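Below you'll find the structure, written out as structure tokens, and then a few comments.
Please read these numbers as outputs of a predicted model, since none were measured by experiment. Start at 1 and go down the list; that is how both ligands and their atoms are numbered.
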Amino acid sequence: MFTATGSQSPRKECSTWMIDNFDRFGRALTSILRMAPPELAHDIGLAAMERGFLKLLPPPAPPQLAVPLQVTIPGLGRLRHPIGLAAGFDKNGRCPAAFEYMGMSFIELGTVTPRPQPGNPKPRLFRYPETRSIINRMGFNSEGAEKVLRRLQELKWNTTRVPLGVNVGKNKNTANEQSIRDFVTGIEAFAPLSSWITINISSPNTPGLRSLATPEFLRDLAQSAGDHKKKCWIKLDPDMERKTFQKLIDVIGGLDVAGVIASNTHRVEWPQAGGQSGYPLLSPANTCLEWIWEVSKGSVPVIASGGVLSGVDAFHKIARGASAIQIYTALVYRGPGAVFRICEELAQELKLRGFGSVEEAIGSCYA
Ligand SMILES: Cc1cc2nc3c(=O)[nH]c(=O)nc-3n(C[C@H](O)[C@H](O)[C@H](O)COP(=O)(O)O)c2cc1C
């Protein structure tokens, strides 16, 4: 899977046919799903994936890559390629295997809160196909740490094959002063069976959550997390002032945590209140990558998230210093074949620009 064979491979025709059919049927089903209201469509899709429905499609074949895409991420190891699943799609860990089948090279579950909570009232998920974007104000609907943990224990996931991370947050009714305890509960529950933990202090839909993005809070959290801090990636929001953002990066660089995920959704009030993802987020999220590099010069590992719909978008994240990329909205608009397609496009883009690997291209736009 995911090995470079060159674009003139005799296998190309055959595998392209197979990928095309996984992709074509997948896209057709996704566009039928998009006729339903967004959250219902998501629930139906997830339920189908949980029942192994993707395996009824013609099987996806390994994409033919113009350049090998393997990349090493601290703590996650050697990945087949740099494209993984962003948090929020499978909040309760119901079907990580389906995302592996779609070709994701690393998978993030969550956000999981310590206690179960319903999230915000519906409707809370809105699609804007004309701008390839989504606005959500889900508000951490979560089955809670205990139930998700039990599910993951039963799953016995092999994190060496495909790294699996859990994104943790705080309950809505936990006062900010007590929120460290919520995060530590999540960290201690999931660190033993996951490859990494994401600290979510950046969702715009939990009142007060973003105000935890301070040097004091992060220092306290790192101290309370003990040795687990080395597994923690801090997910930041793209709506901070440059100086505030860069100060945080500076502090994070000294905390001995794994790295930074940049970024979460962008807060909007119109046409709906919530967090915006997809194409309109690409530019603000890329600016965050530039700010990070300016401060850290590549010393803080970065996973990029925000607005990647194509391999060219992915390339620009890598060129701005990201080692890996997470996607969510691309699955909604490009269907389950999105990862294979994005990988092919990324490999083409790397080749066109004269790079022989992903690693050569990391931070290349600053050279
Ligand atoms: C419906 C929805 C729910 C999300 N839920 C979460 C979440 O629970 N935790 C989190 O850290 N990010 C969440 N996100 C943000 C994504 O993980 C990702 O950072 C963001 O969507 C940007 O990537 P994209 O443009 O590829 O979608 C959510 C995004 C969407 C669209």
- Message: Just to verify, what does Y279 make a ring-ring contact (aromatic ring centres under 6.0 Å, His included) with, not counting sequence neighbours?
- Response: none
- Using ring-ring contact (aromatic ring centres under 6.0 Å, His included) as the criterion, list what pairs up with H81, not counting sequence neighbours. F2
- Message: Taking the side chain as everything from C-beta on, heavy atoms only, tell me whether N92 gets closer than 4.5 Å to K147.
- Response: no
- Any side-chain heavy atom of L212 within less than 4.5 Å of one from F183? yes
- With sequence neighbours left out, the residues meeting side-chain hydrogen bond (donor to acceptor under 3.5 Å, both in side chains) with R210 are D239
- More than 12 foreign heavy atoms under 6.0 Å from CZ of F25: is that the case here? no
- Message: For ligand 1, give me the residues whose heavy-atom distance to it is below 4.0 Å, by chain and number please.
- Response: A86, A87, G88, K91, G110, T111, L125, I134, N136, N167, N200, K235, S263, N264, T265, S277, G278, L281, S305, G306, G307, I327, Y328, T329
